[in-house]
Amino acid sequence: MNTEIQDKTGAGKPSNFIKNIIDEDIKNGKNDGRVHTRFPPEPNGYLHIGHAKSICLNFGLAADYNGLANLRFDDTNPVKEEDEYVKSIIEDVKWLGFDWQDRLYFASDYFDKMYEYAVELINKGLAYVEDLNAEEIREYRGSLKNPGKESPSRGRSIAENLDLFKRMRDGEFPDGAKVLRAKIDMASPNMNMRDPVMYRILHASHHRTSDKWPIYPMYDWAHGLEDSIEGITHSICTLEFEDHRPLYNWFLANLDGAHHPQQIEFARLNLSYTVMSKRKLLQLVIERFVSGWDDPRMPTLAGMRRRGIPPAAIRDFCDRIGVAKADSMVDRAMLDSCVREDLNKNARRVMVVLDPVKVIITNYPEGKVENLTAENNPEDENAGSRMVPFSREIFIEREDFLEEAPKKFFRMVPGREVRLKHAYYVKCTDFVKDKNGEITEIHCEYDPATKGGWSDDGRKVKGTLHWVSAQHAVDVEVRLYDHLFTKENPDDARDTADFKEYLNPESLITLPNCKAEPGLRESTPGDSFQFLRKGYFCSDLKDFTAEKPVFNRIVAMRDTWKKLDQK
RNA sequence: UGGGGCGUCGCCAAGUUGGCAAGGCACAGGAUUUUGGUUCCUGCAUUCGGAGGUUCGAGUCCUCCCGCCUCAGCCA
């Protein structure tokens, strides 16, 4: 394999086309071998896992090449942006595990400089003030197949343009009255080059510059300047900006002495069984299909944090999916796999019965309580152990008992011996049903010689069950989360009405009466556990209290029995 | 017969100057196991959207064709 590249870019991470470009740049001494990237969110919404891909890419590249990565807010549109989003984005990027040190920047910090640059273009005869209104500009722009035509304003003198632009800046004109446009080519096959708008008039208060500016720069004009000013070497963005690259380059090439970063585009992330567009996510929140931006089913970083997904698992996921230019849809199972891998290593094991049925161990002394040793994590010898109380009456999982069982079922069945994890071997001797045929009570006998769950005589038991002592059990609520949508790609709803038709009615199942071992009452919100044999869960960041403990299922265990059973 | 991209296993994805198809997820077997979890083995593209061509040799070069994504905000 290409061990050379891997050694060079470190960490044994797979190569990708961006690293190849950077390797080449370094070989050629471009940018003096510097690598400087940036993550440039607009503070107008919450970050989601798609942004995480970009964050991991930009900060990861900087780390791999001993470079730097900035966090920069692209706040050029005051009517959409709010400080609240700045805060949440900062929180999310930190949570993901990245550090921009003192390099937190705002596009709005460069407004003065951008204005000067605009004047420079006007002076070069490369920009002009437009009188046409928005609708007229659209008409003049032409269509995909037909060239546009030049605006009457295009012929204005430099002096007049300078004057008008100054007056735009001074607030003399109402919103929409004029714009500043670059003078490029109205017949270009690339629509972005048909005299794109650089500045629009917006008498709006900005979250940082307040009322200082009545004009605001457009993305295409502003973004390259931001990159240039910060000395960015590789400006990484998503595929839809590919068509903007010629414009990005045109602006920078026409400004004297401006540092000129290289724009590189990659394919944005699509994840199966969810949607990623801000508009659709917003709709789910507003129409109450989810409880908020941090609903554990949301693909937002806030939602994933509340779900209990470790940031390290998201970083691992972003490494595994790679970076390329082909549109793709990553299987949610890939993320689940990363989550399980992390949690298997790190989550303390604990016993919780989700759907309890009572078991009475008829030959166990009434009133007796034993404290049994239970290891906290077989994957981590430093995790230690805890004591779990055992008594005559316990709860087990309803689905772990079958009156008549198929051959491959090796849980509790009348007459068969099974092991209670960390406790004893027990054998079912009897059971009680109510008039609906539902099991209400199971009777067992235990073997006192098997304390701890071992037998000296080499006797084999195939099944091991988790349990909770009835008198010591803590009542907890458990929320089982599943895919938000039933369809792999809810976005291709073109044939039918709308993506919300594919919402999964079982994406949240609340179990209000679960039985947990006593220690769980003391958990800190956000703690994650493996509920033995059931999956990984975390105490809910918002709703968990010692009085009413609430746990979220992060992801279920892999379950080969379920697969077998369904066949 | 507008422009710009992309097409390698069910899903991601590597494949640097042509040298004879990495890896992960998923799936299927088996071993180990006080979690039907973990771990560990094993299997899983004679083939790279298709058809031609160049070459001793092509996923990599050439030609044509097919399919998908994307662009007409004073959004980013």
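Throughout, a chain's letter reflects where its sequence line sits, starting with A, and its residues are numbered from 1. Predicted, not measured: the structure shown is a model, and the values here were computed from it.
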S.K.: For B:C27, what is the paired nucleotide under Watson-Crick or G-U wobble rules, both distances under 3.5 Å?
M.R.: B:G43

S.K.: Is B:C9 paired to anything, Watson-Crick or G-U wobble with both distances less than 3.5 Å, and if yes, which nucleotide?
M.R.: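 Pair assignment: B:C9 / none.
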
S.K.: Does A:E81 use its side chain to pair, donor to acceptor, with the backbone of A:N77 at less than 3.5 Å?
M.R.: yes

S.K.: Using only side-chain N and O atoms of A:S15, determine if any of them is under 4.0 Å from OP1 or OP2 of B:G15.
M.R.: yes

S.K.: For A:H466 and B:U33, give me the distance from atom NE2 to atom P, rounded to whole Å.
M.R.: 23 Å

S.K.: NA contact type, A:A134, heavy-atom cut-off 4.0 Å: base, sugar-phosphate, or nothing?
M.R.: base

S.K.: Between atom CD in A:E265 and atom C1' in B:A76, what is the gap in whole Å?
M.R.: 15 Å

S.K.: Can you pull out every salt bridge (charged side-chain N to carboxylate O under 4.0 Å, His left out) where at least one residue sits in residues 173-190 of chain A? Sequence neighbours excluded, please.
M.R.: A:E130-A:R181, A:D131-A:K178

S.K.: A:Y216 near the nucleic acid: base, sugar-phosphate alone, or nothing, with a heavy-atom cut-off under 4.0 Å?
M.R.: nothing

S.K.: Distance check needed: B:C74 P versus A:I137 CD1, whole Å only.
M.R.: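 Those two atoms, CD1 and P, are 6 Å apart.
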
S.K.: With sequence neighbours left out, what residues match A:Y110 under side chain to side chain donor-acceptor pair (under 3.5 Å)?
M.R.: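 Applying side chain to side chain donor-acceptor pair (under 3.5 Å) to A:Y110 gives A:E230.
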
S.K.: State which of B:A72, B:C75, B:A28 makes the closest approach to the side chain of A:K563.
M.R.: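 Within the option list, the nearest is B:A28.
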
S.K.: So, is A:R200 near the phosphate of B:A76, with a side-chain N or O under 4.0 Å from OP1 or OP2?
M.R.: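 The answer is yes; a side-chain N or O of A:R200 sits under 4.0 Å from OP1 or OP2.
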
S.K.: List the atom pairs, with distances to 0.1 Å, where a side-chain N or O of residues 322-330 of chain A and a protein N or O form a donor-acceptor pair under 3.5 Å, not counting sequence neighbours.
M.R.:
{"from": "A:K325", "atom 1": "NZ", "to": "A:E242", "atom 2": "OE2", "distance (Å)": "2.4"}

S.K.: Minimum heavy-atom separation for A:R349 and A:L532, please, with both atom names.
M.R.: CB-CD1, 3.6 Å

S.K.: Are any of A:R332's side-chain N or O atoms less than 4.0 Å away from OP1 or OP2 of B:A26?
M.R.: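 Negative; the distance criterion is not met.
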
S.K.: Could you state the CE-C1' distance from A:M334 to B:G23, rounded to the nearest angstrom?
M.R.: 10 Å

S.K.: For the side chain of A:L144, counting heavy atoms from C-beta on, which of B:C12, B:C6, B:A72 is nearest?
M.R.: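 Of the candidates, B:A72 comes closest.
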
S.K.: Nearest whole Å is fine: how far is B:G73 P from A:D220 CG?
M.R.: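 The answer, rounded to whole Å, is 13 Å.
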
S.K.: For A:Y140, check ring-ring contact (aromatic ring centres under 6.0 Å, His included) against everything at least two apart and list the hits.
M.R.: none

S.K.: Does any residue of residues 171-189 of chain A have a heavy atom under 4.0 Å from RNA chain B, and if so, which ones, in number order?
M.R.: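 Per residue number, the list reads A:G176, A:V179, A:P189.
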
S.K.: Taking only the side-chain heavy atoms of A:N190 (C-beta and beyond), determine which of B:C12, B:G3, B:A26 contains the nearest atom.
M.R.: B:G3

S.K.: With nearest nucleotide decided by heavy atoms, which residue, A:N146 or A:V197, maps closer to the 5′ end of RNA chain B?
M.R.: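 Nearest nucleotide further toward 5': that of A:N146.
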
S.K.: Could you tell me whether A:H223 contacts a base, only the sugar-phosphate backbone, or nothing, with contacts defined as non-hydrogen atoms closer than 4.0 Å?
M.R.: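 It contacts nothing in the nucleic acid.
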
S.K.: Is A:K325 close enough to B:G7 that one of its side-chain N or O atoms is under 4.0 Å from OP1 or OP2 there?
M.R.: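 For B:G7, neither OP1 nor OP2 has a side-chain N or O of A:K325 closer than 4.0 Å.
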
S.K.: Would you please confirm or rule out a distance under 4.0 Å between OP1 or OP2 of B:A76 and any side-chain N or O of A:T76?
M.R.: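 True: A:T76 side-chain N/O within range (under 4.0 Å) of B:A76 OP1/OP2.
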
S.K.: Using a cut-off of under 3.5 Å, enumerate the N/O to N/O pairs linking the protein to nucleotides 35-39 of chain B.
M.R.:
{"from": "B:U35", "atom 1": "O2", "to": "A:Q530", "atom 2": "OE1", "distance (Å)": "2.6"}
{"from": "B:U35", "atom 1": "O2", "to": "A:R533", "atom 2": "N", "distance (Å)": "3.2"}
{"from": "B:U35", "atom 1": "N3", "to": "A:Q530", "atom 2": "OE1", "distance (Å)": "2.7"}
{"from": "B:U35", "atom 1": "O4", "to": "A:R349", "atom 2": "NH1", "distance (Å)": "2.4"}
{"from": "B:G36", "atom 1": "OP1", "to": "A:R533", "atom 2": "NH1", "distance (Å)": "3.0"}
{"from": "B:G36", "atom 1": "O2'", "to": "A:T560", "atom 2": "OG1", "distance (Å)": "2.1"}
{"from": "B:G36", "atom 1": "O2'", "to": "A:W561", "atom 2": "N", "distance (Å)": "3.4"}
{"from": "B:G36", "atom 1": "N7", "to": "A:R411", "atom 2": "NH1", "distance (Å)": "2.3"}
{"from": "B:G36", "atom 1": "O6", "to": "A:F410", "atom 2": "N", "distance (Å)": "3.3"}
{"from": "B:G36", "atom 1": "N1", "to": "A:K408", "atom 2": "O", "distance (Å)": "2.9"}
{"from": "B:G36", "atom 1": "N2", "to": "A:K408", "atom 2": "O", "distance (Å)": "2.9"}
{"from": "B:G37", "atom 1": "OP1", "to": "A:T560", "atom 2": "OG1", "distance (Å)": "2.9"}
{"from": "B:G37", "atom 1": "N2", "to": "A:E379", "atom 2": "OE2", "distance (Å)": "2.7"}
{"from": "B:U38", "atom 1": "OP1", "to": "A:R558", "atom 2": "NH1", "distance (Å)": "2.1"}
{"from": "B:U38", "atom 1": "O2'", "to": "A:N344", "atom 2": "ND2", "distance (Å)": "3.2"}
{"from": "B:U38", "atom 1": "O2'", "to": "A:E379", "atom 2": "OE1", "distance (Å)": "3.1"}
{"from": "B:U38", "atom 1": "O2'", "to": "A:E379", "atom 2": "OE2", "distance (Å)": "3.4"}

S.K.: Under the salt bridge (charged side-chain N to carboxylate O under 4.0 Å, His left out) rule, collect the residues that match up with A:R386, sequence neighbours excluded.
M.R.: A:E517

S.K.: Please enumerate all residues that pass side chain to side chain donor-acceptor pair (under 3.5 Å) together with A:N346, with sequence neighbours excluded.
M.R.: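 Side chain to side chain donor-acceptor pair (under 3.5 Å) list for A:N346, sorted by chain: A:D342.
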
S.K.: Only pairs with both distances under 3.5 Å count, Watson-Crick or wobble alike; so what is the partner of B:C56 in this structure?
M.R.: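 Across all strands, the one nucleotide that pairs with B:C56 is B:G19.
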
S.K.: Hey, does the side-chain of A:D243 have a donor or acceptor N/O within less than 3.5 Å of a partner on the base of B:G3?
M.R.: yes

S.K.: Could you check which nucleotide pairs with B:C75 in any of the strands shown, counting Watson-Crick or G-U wobble with both distances under 3.5 Å?
M.R.: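 Partner of B:C75: none.
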
S.K.: Would you indicate what A:V323 reaches in the nucleic acid, counting non-hydrogen atoms under 4.0 angstrom: base, sugar-phosphate, or nothing?
M.R.: sugar-phosphate

S.K.: Please measure how far the C1' atom in B:C56 lies from the corresponding atom in B:U1, and state the result in whole Å.
M.R.: 40 Å

S.K.: Between A:R156 and A:N161, is there a donor-acceptor pair closer than 3.5 Å when you use the side chain of the first and the backbone of the second?
M.R.: no

S.K.: Listing request: all salt bridge (charged side-chain N to carboxylate O under 4.0 Å, His left out) pairs with a residue in residues 136-152 of chain A, at least two apart in sequence or in separate chains.
M.R.: A:E150-A:R154

S.K.: Under 4.0 Å between a side-chain N or O of A:N20 and OP1 or OP2 of B:A14?
M.R.: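 Result: no.
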
